**Q** 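Below you will find the structure I want to go over with you.
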Amino acid sequence: MIELPTVLADEAPKATGTSLFRRLTKNPVGLGSLIWLALLVLTAIFANVIAPMDPNAADINAVLAKPGGAHPLGADSAGQDVLSRLFFASRYSLLGAMLALAVAAVFGIIGGLIAGYYGKWFNAVSSWLTGLLMALPGIVVLLAARSVLGPSLWGSMAIFGVLLSPAFFRLVFAAVSAVRNELYVDAARVSGLSDARIIGRHILTVVRAPVIIQAAMITGIAIAIQAGLDFLGLGDTSIPTWGSMLSDGFQQIYSNPLLMIWPSLAIALTCVALTLLANAMRDELERSGGRKRRRRGAVELSPAEAEPIIVHDEIPDTEGRFGEELLRVDRLAVGYDQPDGSVKRVVHDVSLVVKRGEVHGLIGESGSGKTQTAWSVLRLLPEGGRVVGGAISFEGVDLADASERKLLGIRGKKIAYIPQEPMSNLDPSFTIGYQLVEPIRNSLGLSKDEAKAKAIGLLTRVGIPNPERTFTAYPHEVSGGMAQRVLIAGAISCDPDLLIADEPTTALDVTVQAEVLDLLRDLQRELQMGVILVTHNFGVVADLCDRVSVMRNGRIVETGPVRSLFANPQHEYTRALFDAILEEGPPRGELKEPDLVPIMTESVFLPSNINKGVVL
Amino acid sequence: MSTSAVSEKPLVSTLLDVKDVTVDYPIKGFRKEPFRALKGVSLDIRPGETVGLVGESGSGKTTLGRAVLGLAPVTGGSITYRSQEISQLGRKARRALSSEIQVVFQDPYTSLNPSLTIEQILAEPLTVRNVPAKEAGKRVRELLDQVGLPSGSVDRLPREFSGGQRQRIAIARALALDPRLIVCDEPVSALDLSTQARVLELFKEIQERTGVAYLFVSHDLEVVRHLSHRVAVMYHGEIVEWGDGDQVTARPEHPYTQRLFLAAPVPDPVRQEQRRAERRRLELEQREADLQAGAVA
Amino acid sequence: MLTFIIRRLLAGAVLVVVITTVAFFLLYAGSGNVARKILGNSATQAGVAEKNHQLGLDRPILVQFGDWLTNALHGSFGDSWFTGQPVNDAIASRLGVTLTLVIGATVITAVFAVVLGVWAATRRGWVDRIVQFLSVLGFGIPGFLIALALVLVLAINLKLFAPTGYTSFSDSPSEWIKTVTLPVIALAIGGVAGVTQQVRGSVIDALRQDYVRTLRSRGLSTTSVVFKHVLRNAGAPALAVLAVQFVGLLGGAVIVEQVFAIPGVGQVAVTATSQGDIPLVMGLVLATAVIVVIVNLVIDLAQGAINPKVRLS
């Protein structure tokens, strides 16, 4: 048996929550925003302590006074001290925004939780209501409300909170309905957790971070809209706010533009700080990858030691099935650029040869580098990945450093590709026919009608029962097996010399897999293609391949003709893999004298017994 | 965690009895016929037994597992557990069953909450039953030991573990309440070959030690054969073959099971060539039989 | 496709009816002593009652609503309480100006957002970082502050544009450009920033899809894959954001019109609001609702055109 991989790294990141704040303080943008907001909150709280004057005290002698002296930032058109008003305005502007935020959060989060978790009619009603709330521009509703309620900071901010609640609702609803179907929520249910506990423990933890981000955005919007209302002169004039100061400054835009600058700065800096904070939080969360799924391909590798590759003896090609050498990969290395500038290698020293008419299998477990090798032959590695060493020569051209232009003449014409997941490899927005015709016309220069005739011929060839109908269908209208046949049809459309098949049957049911393997074998013989077949299934290799290379940790450890390698695997890793195969293993046998169990009585379902889990 | 008073109750040799169960999923849209995922399915599980459930996608095998767990809407038939009907239990009553029936899901990446630590995940079923924190902690370490993970894993998050290790954690969670039955929904199909073999061994070992029964759902005849005493084969919402594990997985009688059996390629080039020929012959035979049946009808 | 349109139209009609009904009851129920406001504090009790009667406010609210609805169905939305001008005229005469601003800003938003978003998503690196930074700024700073800054710098200090006022296109195209440019820019910046982010995100997402690799493996160049496949798939979410932006722009126009002293609907709205001129406010709410419903319908149709799944549902 093989050793368990040691993934229990020491620098284990802790659960989110508190650490998000700590990471924000290390992010310069996040820290800057936090400092500004903290200063602002302090100013708002201690406005009456630090303000030099009463914000509403008007001094006729100081009307439009220049900055300096008793009025560090000057005085406004009523002779009120600008600095003092600015301090107090922070208090009221922030409080107003907080009110809007609180109202929005209460309505939106609770509604979103209920609608997302229980769904049904509540979902329908609340979704319709949010649509209604979002149909009108907020400011129009606020204006309408103002015409009835008169100028009231708190009233308008409470209404604005209701108008903003869809932002929370949609976010929470989407998160909850996604999480509700997660297996771990099912598992919690089977573990006997109550709904309240599932929501509190499994669902709130998921929406917490996005809700905080949304809250920052919403506070910014509330501050902006409130300032806008006051600027229009529709606010409560007895309360100093940034908006009313701006409005006053705007009246003096020609004579004293400075009056406008201070409140503008306060509003702009606060809104920008909140937006930047939200962005920084999002970046930090993305970086930690809260719920990252396993991605195929580039997996962290322990730098595997170079070791001698076990090469089996050639079996003479007695049938003369193989033609000239098509592809020669020589000491290929593939690496991914890291944010710190280094390159992480995922494929080392891979060498292999494919002849015309030969099927070369690449077998290995996840992270062994088999798919990376296949993609690098097509030079279609994911972002950040590139060939960092070695050579790939195909019919005399070195693909490893060929220009994109040169590759365009080779991909799809001489080298074709069959992917793993049939559904995600067809563009959902275009018909199947379009996706076949477009590359055919591009590569062969056929007319539209010729290309269509050719595509329908190909669909017939790959065994699709109703090719005309499939031609006009969209990908979501056909089954996975049919979609894979469509992809095969696309791959062979230009009569390629070399076919790269990346786990072409892994996503299919076993009976469909058998049919697709038959199809691939027939086509391969018919077109005399060389094939690189990536797979993790020894049965598929046995079925289709002439030659196989076993990969581990980005290296080939053993290679040779299929028959001799399967008959006599020599590398310990290959042997371990063969040992793990269950095929033809001993059956479990019959159950020996089953135990008896007492029947269960209904009393266990009495509420008093439920939490104890007593089952007698 | 069952206690005393066992002797006074009548004893039965059937742990779970599924009879003529149908499951219908409503289809979105006005007046659409609901989709019938199970069309009258029957099987039974004895204490300490593994029953394998094989089928391809859409066969209803996962639905049957979810019906037993109370996660799918049973619209007909009965599911009795220790002679007690459980198919129509309310949420509250269902919770009482959680110490009896547990689950291990297929995808080890989504079946563990990414933001909880291993200790929180494993202690959860215990703490909702008011087990004191100290005792729960002890039990968590015991469970980790049972599934072969170091007890130092308790403070780590699921994402720090490989697929096989996560599946071990999911098994430990299922074992936390000492259930008598675990529904295993494709528990090894997302794992690499070598990991898969080790996790299967773990399942076997736990069963031999604790006497837990498994309803083992898989698309892979070989996996099922390895672990199951009896096997049921599902196709389009029905069980088409049901019987002794060795017979069903090695000498199937129903044409569909035969097709399934021959479709899986064997890891031996020589024998695979023979199997392929056999499969093609069978396909031809079945097609001719279909044609004749069609001509008669 | 036809049932799709009819269904959306019906849903839109229901929305308009609900909004106007709710608005009517909230507005009229709250408009307690309008007569006193119109007549001033010196008016006698009898005078106020007389005015109330004249405005029809002494009748039960349901009767008032029925009355309003009957008139509305005949295309008349009453007269302003303060100026006596028919609501239809007050709004219609100014709607054009506002729509010019909003549609202009929407077009600019769409064009710039697609160009910048695709550029940032396909180039990445420093281009991406600059676009990202600017769009965060543009999104964060409230639009009217940008408007104020534009007035102060470009109009008042540099005198490149007219600081205030509006000249219609038919009077003088060059003057029209001068008066309209700054307000449209001020309105558009926030939208460009928001939609650029959306386009960028969708394009990056779409570029990561498996089918992009498959299409490239058939010999298509990255450029043609981006312009045919990626943009089409990124288009649906971008259009959805554009619809939301349009609603936001309608609101933004109210403030921007105030800054530039442009005689649009926004000015009417502000005056009507501060006076409590309910018939006018009612008319404005209705007009906005209708515009929003039409815009959403257009966006829905566009969505259907690019995404086959939407069309089928």
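Because the structure is a prediction, the values reported are computed rather than measured. Just so we're on the same page: letters track the sequence lines, and every chain starts at 1.
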**Q** Quick check against the 3.5 Å criterion: does C/Arg218 have a side-chain atom that pairs as donor or acceptor with the backbone of A/Glu438?
**A** no

**Q** Tell me, side chain or backbone of C/Leu145 under 4.5 Å from chain A's heavy atoms, or both, or neither?
**A** side chain

**Q** I'd like to check C/Val14 versus A/Trp128 (side-chain heavy atoms, cut-off strictly below 4.5 Å). Are they in contact?
**A** yes

**Q** Would you give the length of the straight line joining atom CG of A/Asn425 to atom OG of C/Ser217, rounded to the nearest 0.5 angstrom?
**A** 8.5 Å

**Q** Rounded to the nearest 0.5 Å, how far apart are OG of C/Ser224 and CG of A/Asn442?
**A** 6.5 Å

**Q** Tell me, for A/Ala227 versus chain C, whether the close heavy atoms (under 4.5 Å) come from the side chain, the backbone, both or neither.
**A** both

**Q** Any heavy-atom pair between the side chains of A/Met217 and C/Phe139 that's under 4.5 Å?
**A** yes

**Q** Report which part of C/Val22 has an atom under 4.5 Å of a heavy atom belonging to chain A: side chain, backbone, both, or neither.
**A** neither

**Q** Taking the side chain as everything from C-beta on, heavy atoms only, tell me whether C/Arg213 gets closer than 4.5 Å to A/Trp375.
**A** yes

**Q** What is the distance from atom CG of A/Asn279 to atom OG of C/Ser135, rounded to the nearest 0.5 Å?
**A** 8.0 Å

**Q** Using every non-hydrogen atom in the two residues, find where A/Pro137 and C/Leu250 come nearest and quote the distance to one decimal.
**A** CG-CB, 3.8 Å

**Q** Could you have a look at C/Thr288, C/Leu15, C/Leu148 and say which one has the most heavy-atom pairs with chain A under 4.5 angstrom?
**A** C/Leu148

**Q** For the residue pair C/Arg232 and A/Phe430, what are the closest heavy atoms and their distance?
**A** NH1-CE2, 3.2 Å

**Q** Checking heavy atoms, do the side chain of A/Ser264, its backbone, both or neither come under 4.5 Å from chain C?
**A** both

**Q** Heavy-atom distance under 4.5 Å between the side chains of A/Arg405 and C/Ser221, does that happen here?
**A** no

**Q** Can you tell me which of A/Gly228, A/Pro151, A/Ala416, A/Pro475 forms the most heavy-atom pairs within a distance under 4.5 Å of chain C?
**A** A/Gly228

**Q** Within the structure provided, determine whether C/Leu152 and A/Met260 are in side-chain contact (heavy-atom separation under 4.5 Å).
**A** yes

**Q** Which answer fits A/Met423, side chain, backbone, both or neither, if we ask what part of it has an atom under 4.5 Å from a heavy atom of chain C?
**A** neither

**Q** For the residue pair C/Phe144 and A/Phe231, does the interplanar ring angle fall in the parallel (under 30°), tilted (30 to 60°) or perpendicular (over 60°) class?
**A** parallel

**Q** Nearest 0.5 Å please: distance from the CG atom of A/Leu408 over to the OG1 atom of C/Thr222.
**A** 7.0 Å

**Q** Could you have a look at C/Gly266, C/Ala272, C/Gly219 and say which one has the most heavy-atom pairs with chain A under 4.5 angstrom?
**A** C/Gly219

**Q** As an exercise, state the distance from CD1 of C/Ile255 to CD1 of A/Ile225, rounded to the nearest 0.5 Å.
**A** 6.0 Å

**Q** If we only count heavy atoms from C-beta on, is the C/Val254 to A/Leu232 side-chain gap below 4.5 Å?
**A** yes

**Q** Measure A/Leu246 against the heavy atoms of chain C and call it side chain, backbone, both or neither at under 4.5 Å.
**A** side chain

**Q** How long is the gap from CD1 on C/Ile141 to CG on A/Leu269, to the nearest 0.5 Å?
**A** 8.5 Å

**Q** Provide the closest heavy-atom pair for C/Leu220 versus A/Pro439 in the form atom of the first, atom of the second, distance.
**A** CD2-CA, 4.1 Å

**Q** Tell me, do A/Leu143 and C/Val281 make a side-chain contact under 4.5 Å, heavy atoms counted?
**A** no

**Q** So for C/Val18, is it side chain, backbone, both, or neither that comes closer than 4.5 Å to the heavy atoms of chain A?
**A** side chain

**Q** Under the salt bridge (Lys or Arg N to Asp or Glu O under 4.0 Å) rule, what pairs show up with a residue in residues 414-428 of chain A, not counting sequence neighbours?
**A** A/Glu395-A/Lys414

**Q** Can you tell which of C/Val259, C/Val292, C/Asn233, C/Ile291 has the highest number of heavy-atom pairs within less than 4.5 Å of chain A?
**A** C/Asn233

**Q** Taking C-beta and beyond as the side chain, do C/Asp210 and A/Pro419 meet within less than 4.5 Å on heavy atoms?
**A** no

**Q** Can you say whether A/Leu234 sits under 4.5 Å from chain C via the side chain, the backbone, both, or neither, judging by heavy atoms?
**A** side chain

**Q** Under a 4.5 Å heavy-atom cutoff, which of C/Val244, C/Val247, C/Leu215 has the most pairs with chain A?
**A** C/Val247

